Structure formats: C-alpha cells, structure tokens
Amino acid sequence: MPAIEALRVRTILDSRGDATVEVDVRAGGVVGRAAAPSGASRGTHEVVAWPKGGVDEGIAIFRKEVAAKLKGADAAAQDEVDGILHAIDGTANFARLGGNVAVATSLAVAKAAAGAARKPLFEYLGGGRSFPFPLGNVIGGGRHAIGGTDIQEFLSLAQHPSPSKSVFANGRVHKAVAAELKKRLPGEAIGRGDEGAWVAKLGNEEALAVVVSACKGVSKQVGFPIKPALDMAASEFFRGGKYVYKERSLTPDRQVDFVAGLVESYGLALVEDPLDQEDFAGHASLTELVGEKCLIVGDDLFATNPERLRRGIEASAANAILIKPNQIGTLTDMAQTVSLAKEAGYRTVMSHRSGETTDETIAHLAVAFGSYAIKAGAAGGERIAKLNELIRIEEHLGG
Ligand code: PGA
Ligand code: ZN
C-alpha cells in the first residue's frame, strides 16, 4: 500500500488566462500531479466547478480538510480516496469543495499510485490494447469565439489506429482549413478560438463545406479516412423552445431534420449535442434516423453522470458519450459512467475542456478506458500536451 505522504495545491494559469488548481500528491516517494480544466459552454448537470468563494475558497478547503484527511490514506485505494472527497464535500454535486478541486486531487492520487507501482497511468488503470482516434476542432464558434459560427465546433476525426499518424493528419486538416479560409476571405483577419480552431466570418454550412473538403483532400494525401464531425452545443442557442441561428430559428422537430440532413449530405461521422440538454426524446428521434451511420454523442446531455446516462440508455437517446472527468469530479465516478456506457454498447469520447492546462492526463485515460476517440483539439500548446502524450504512450507500447 503506497500511503499518501504529502499533498500540495497551487493556483496555476489556464489557457484563457484564468486561475485553476494543480495538485501534487506524494506516495511511495513518487509525486503525481494533475490540474483541472474549465468549460465555457458548461452543461446544467455538471458538478459545480468551484465553491461560492471561487478558486481561493477551494484551495482553503483543500489545505484545511483534504490534505489532512487524505494524508496516510492508501493511494491505490482510489474508491476510498474518492469517497473521502465526497464526504468532505458533503453535497450531491461538489458544491462545497468544487468539482475542479476534487478532480485534480482524484487524478493526482491515481498518478501517484501509478508512479509508486512503477507504471504509466494508462497501464496502471488496466488499458493499452488500442488507441483512440483523435478528434480535433478546426473551425470554432459559439461560446469559444467572438464573431464565429453558431455551431460551436467543426472537427476532423482521423481514423488511423496509430496516433503518430492520426494526430498529424488532423494537424494537416487544420492547416488546409486555414489555406482555404485565406482563399475564400481575402483581406479578412482570421483568428483562433479558445481551443485553437480557426474563427472566421462564415455561415454554418459554409464552414462545414470547408472542413469536409479539407478532410477529403488530406485523407487522399495520407491514405486513410478522415471524417468530418460537429459539436453543435445546441443548448447554447436553444431559446424559448427554438434553436436560434443567426439567419433563422428552428423548432425541435425541424432541428432533428436539419441535423439528419447534415449527416446525410456531408457524411458526418459524429455529431455531439445536436439538441438541447433536456431533450432526450429529440435525441432518440435523431439517433433512430441516422444512428447507424453516425455517432450521436451526449456531452451536456449526460454530463459524464451515470444517472443521466442511464436515463439516456433507457430512452435510446444516443449511441456515444463524451467523458469529461471534471464534469463528475472523481476518477471513480467517471469509471462508473464509462462501464455503464460500455455495457450499453455506447462508444466513449474522452475530452478536454475549452479552458485547458498542459496537463496530459486525459491521453492516459482515453487509452486506459478504451475510448473510441479523444477530443483534444488539433493545435495549440495545451492541446498538443495531450496529443504528444498519446504519441509517447504508443512509443512505450512499441507501436
Ligand atoms: P466547454 O465545451 O467550453 O464547456 O469545455 C466544450 C464542449 O462542449 O465539448
Ligand atoms: Zn460539447
């Protein structure tokens, strides 16, 4: 049993320039370190990110209670550690401690235990048979960009089993998109959003056409499939019972038809959050229409929460789930959601947040839990931290 010898917390910067927490846990003479990301288009059903008093209050509770109660605990007993975090918090949604303090602690403990066992985290957690396909945001809008598309993310999914091939393919799509935008919008400034995706004055379908053609072009060059995908983050523009786009509004039924039409006409491999986060029935209609050829992924819909996912499975609402560790707060809770997804035949997509740090842990979690894909951006320092770790894991396994 590697007993936890010491715990430390500090405030660090995230990619938006906001403060977040990083936790160090020492066990068996080894330090495990993890930091919390932060979302901009957060789902209603996520755990609470920070206590009422913000990051500083979370840090104060950590120093006074978490460090004291976890010192001496067995770092390898993840469920007990996570149980202690819940007990300290005392609420159903980490409202007192903050889910971000909880997740950084929970993951740092797992990393210390892995280090004490002289194993990389993915191996310690029992994974390593296959690699996730990288899913990279190449054009962005919504809450992640000023003046961009209504749809939050236009992504590329490089379908090669080897990360050392696939992550470069997404990088090439990101570049090809920039070249096409420059051609289409001569003289206009083109910027990058929170996740490093390009932001330009484009309509939704125009942006989609650019991404589809970039995916096709690069796919031909590299010789393996690269498929277009969307994260609509539809709850963000669902107002007064309608999906409010810049140029028009759609009823929920019309939204289902619109998305099904996009899947058919553009060959989308995956669509995340196509409808409002409370609309299980609408998701079920869409999944029935196009679920055979496209992954319908619940992010805000499920919020990595086993109860929400159970409800979704019963309603046949989707066929895949986005997994964001800080939406639920602990590794144990996240693992429970992943098991439930697997039992139901749902694919899992391990995901970053729009506000990120250089923490690389989700690369290990994606491999450990056999995720179908990892959504971690295509470019930018805090994004490549995860993608490059995937390459290192592949090398470690002799790929
Ligand atoms: P976030 O959103 O800004 O909440 O991280 C990303 C997503 O919707 O997948
Ligand atoms: Zn999303």
Side-chain angles (χ1 to χ4, degrees), residues 14-18 20 35-50 99-100 103 132 134-146 148-157 192-197 199 229-238 243 259 268-279 283 286 294-305 308-309 312 317-318 320-329 334 337 347-357 359 361-362 365-366 371-378 380 382-383 385-386:
D14 78 4
S15 56
R16 276 193 279 258
D18 291 326
T20 188
S38 86
S41 76
R42 286 205 282 253
T44 309
H45 302 281
E46 299 186 19
V47 296
V48 178
W50 302 109
N100 278 359
V103 82
L135 179 62
N137 191 357
V138 292
I139 297 184
R143 292 236 174 180
H144 295 169
I146 299 165
T149 48
D150 305 302
I151 293 178
Q152 184 177 283
E153 300 168 28
F154 298 77
L155 307 118
S156 110
L157 177 71
R192 280 166 57 163
D194 281 356
E195 295 181 353
V199 180
L230 292 177
D231 178 3
M232 301 196 73
S235 299
E236 298 296 334
F237 54 92
F238 186 62
Y243 295 91
V259 180
L268 300 176
L270 178 157
V271 181
E272 181 181 329
D273 283 350
L275 293 145
D276 181 60
Q277 61 200 332
E278 307 306 340
D279 190 0
H283 278 87
L286 182 66
C294 178
L295 288 182
I296 305 299
V297 186
D299 170 14
D300 293 347
L301 179 70
F302 298 137
T304 316
N305 180 312
R308 297 280 299 176
L309 176 60
I321 176 172
L322 207 75
I323 301 290
K324 289 168 166 168
N326 83 325
Q327 279 184 327
I328 192 70
M334 190 205 92
T337 304
R347 290 205 150 133
T348 64
V349 178
M350 192 62 62
S351 175
H352 66 172
R353 303 298 310 241
S354 52
E356 264 296 341
T357 70
D359 184 293
T361 314
I362 61 164
L365 299 181
S371 293
Y372 169 77
I374 179 169
K375 188 165 90 151
E382 69 284 2
R383 314 294 152 188
K386 286 85 172 150

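By convention here, the first residue in the shown sequence is residue 1. Whatever order the structure lists ligands and atoms in, that order sets their numbers, starting from 1. Keep in mind the model is a prediction, meaning the values are calculated, not measured. Excluded from the calculations below are hydrogen atoms, water molecules and symmetry mates; all remaining heavy atoms, backbone and side chain alike, are included.
- Geometrically, ligand 1 and Arg16 share no nitrogen or oxygen pair separated by less than 3.5 Å.
- Looking at Glu46 and Arg353, a side-chain N of the basic residue comes within less than 4.0 Å of a carboxylate O on the acidic one, giving a salt bridge.
- For ligand 1 and Asp299, the ligand atoms under 4.0 Å from any heavy atom of the residue are 7 (C), 8 (O), 9 (O).
- Using modelled atom types and a 3.5 Å distance limit, the side chains of Ser371 and Thr348 yield a donor-acceptor pair.
- Listed by number with element, the atoms of ligand 1 under 4.0 angstrom from any heavy atom of Glu272 are 9 (O).
- Regarding atom 8 (O) of ligand 1, its nearest protein heavy-atom neighbour is Gln152 NE2, 2.9 Å.
- Here the angle at the Zn ion (ligand 2) defined by OD2 in Asp231 and OD2 in Asp299 stands at 170°, rounded to 10 degrees.
- A donor-acceptor distance shorter than 3.5 angstrom exists from the side chain of Arg308 to the backbone of Leu301, with no hydrogens or angles considered.
- Between Ser41 and ligand 1, at least one N/O pair is under 3.5 Å apart.
- Using modelled atom types, one finds no donor on one side chain facing an acceptor on the other under 3.5 Å when comparing Asp359 with Thr357.
- Between His144 and ligand 1, at least one N/O pair is under 3.5 Å apart.
- For the pair Leu230/Leu268, a side-chain contact is recorded, criterion being any heavy-atom separation below 4.5 Å from C-beta on.
- Taking 4.5 Å as the limit, some side-chain heavy atom of Asp299 sits within range of a side-chain heavy atom of Gln327.
- Protein heavy atom closest to atom 4 (O) of ligand 1, with residue, atom name and distance, is Arg353 NH2, 2.6 Å.
- With a 4.0 Å cut-off on non-hydrogen atoms, Asp194 does not touch ligand 1 at all.
- At a 3.5 angstrom cut-off on N or O pairs, Lys324 counts as close to ligand 1.
- Atoms of ligand 1 found under 4.0 Å from any heavy atom of Asp231 (numbered from 1 in listed order, with element): 7 (C), 8 (O), 9 (O).
- At least one side-chain heavy atom of His144 sits under 4.5 Å from a side-chain heavy atom of Ser41.
- With hydrogens and angles left out, the side-chain atoms of Arg16 and Ser38 include a donor and acceptor closer than 3.5 Å.
- Per residue Glu272, closest N, O or S atom to the Zn ion (ligand 2): atom name OE2.
- In this structure a side-chain-to-backbone donor-acceptor pair under 3.5 Å is present from Gln277 to Thr44.
- Atom 9 (O) of ligand 1 has its closest protein heavy atom at Lys375 NZ, 2.9 Å.
- Using modelled atom types, one finds a donor on one side chain and an acceptor on the other under 3.5 Å when comparing His45 with Glu278.
- The closest side-chain donor-acceptor pair between Gln152 and Asp273, if any, does not fall under 3.5 angstrom.
- Here's the thing with Ser351: none of its N/O atoms is less than 3.5 angstrom from an N/O atom of ligand 1.
- When non-hydrogen atoms are compared, ligand 1 lies under 4.0 Å from the backbone of Ala40 as well as from its side chain.
- Heavy-atom proximity to Arg42, at under 4.0 Å, picks out these atoms of ligand 1: 4 (O).
- Counting heavy atoms under 4.0 Å from ligand 1, residue Glu153 touches it through the side chain alone.
- With respect to atom 5 (O) of ligand 1, the closest heavy atom belonging to the protein is Ser354 N, 2.8 Å.
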